[in-house]
> 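Sharing a structure here in structure tokens format.
Below, read A as the first sequence line, B as the second, and so on, with proteins coming before strands; counting in each chain starts at 1.
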Amino acid sequence: MDRSPKPHKFTATSTIDCRHDSATAKDLFHAMTINYWLMKSEPTTFSIDDLADQPDQTTCWEGVRNYQARNMLRDDIQVGDRVLFYHSACKVPAVVGTAVVSKSGYPDPFQFDRKSKYFDEKSDPENPRWYLVDIKLEKKFDRPVTLAELRERAGLKGMVLLQKGSRLSVQPVKKKEFETIEKLASKPA
DNA sequence: GCCAACGTTGGC
DNA sequence: GCCAACGTTGGC
């Protein structure tokens, strides 16, 4: 299941030389497009207000220990991508704001920290198992857009979040979905 | 607190 | 490789 890490650090300012096979079509695609994601956090652990209180309103998204989510953190999520910040496992599950990716995938340092609850003794520093990205607060919504509200929207039916049994804590979102939710947030409930 | 759904582990 | 047991997620 594990693939070894591969170089993938293309940013808007990177020079992409297509004569080398290191620049794949996927890398080119990433360099030219913004992608959209949703990240879940339990507000009792880390809320959007906690994010707002961080230095530079930026945090590293540590502790993801699911391989599917890991693959996205390591391979797919790029600087400039936009993120829906979702409060889960709480009274009113809701999208509560947006963030922007400020640093793309790098090894989660907590996996090597014996004192951390995210310590993983099976992870080899030469071939780290877990990755994370940094995100910066973009906007805290004027009001939460609740899960119940998302379910009512026909246009959002396809969202990963709304699929039965969906538990991924990092998940892709379509541009249309992202914009729909932003628009909902700007209108009274 | 309940429980459905999912992921991981480990015996065979 | 199968699958039962267990742990976790997360809405309700």
> Could you check how far CE of A:M159 sits from C1' of C:dG11, rounded to whole Å?
16 Å
> Consider the side chain of A:Y67, meaning its heavy atoms from C-beta on, and name the nucleotide among B:dG7, B:dT8, C:dC12 that approaches it most closely.
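Closest nucleotide among those given: B:dT8.
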> Can you check whether A:Y86 has a side-chain N or O nearer than 4.0 Å to OP1 or OP2 of C:dG11?
yes
> Which heavy atom of A:I77 sits nearest to which heavy atom of A:S104, and what is that distance?
O-CB, 3.5 Å
> Under the side chain to side chain contact (heavy atoms under 4.5 Å, CB included) test against A:Q111, which residue among A:E121, A:R129, A:E62 passes?
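Single pass found, and it is A:R129.
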> Rounded to whole angstrom units, what separation is found between the NZ atom of A:K91 and the P atom of B:dG1?
14 Å
> Below 4.0 angstrom from OP1 or OP2 of B:dA5, is there any side-chain N or O of A:K164?
yes
> Does A:K40 make a side-chain N or O approach to OP1 or OP2 of C:dT9 shorter than 4.0 Å?
no
> What nucleotide among C:dG11, B:dT9, B:dA5 has an atom nearest to a side-chain atom of A:K122?
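So the nucleotide nearest the side chain must be B:dT9.
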> What is the distance, rounded to the nearest whole Å, between atom CD of A:E42 and atom P of C:dG11?
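Value for this atom pair: 9 Å.
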> Given atom CG of A:N66 and atom P of B:dG7, what is their separation to the nearest angstrom?
7 Å
> Side-chain donor-acceptor pair under 3.5 Å between A:Y131 and A:N71, yes or no?
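No, no side-chain donor-acceptor contact under 3.5 Å.
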> Please state how far atom CZ in A:R151 lies from atom P in C:dG11, giving the value in whole angstrom units.
8 Å
> Nearest whole angstrom, please: distance from the P of C:dT9 to the CZ of A:R65.
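Checked: the CZ to P distance equals 12 Å.
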> C:dC12 C1' sits how many Å from A:H87 NE2, rounded?
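Rounding to the nearest Å, NE2 of A:H87 and C1' of C:dC12 are 19 Å apart.
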> For A:Q68 and B:dT8, what is the distance between atoms CD and P respectively, to the nearest whole Å?
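From A:Q68 CD to B:dT8 P: 9 Å.
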> So, A:W130 and A:D120: side-chain donor and acceptor under 3.5 Å apart, yes or no?
yes
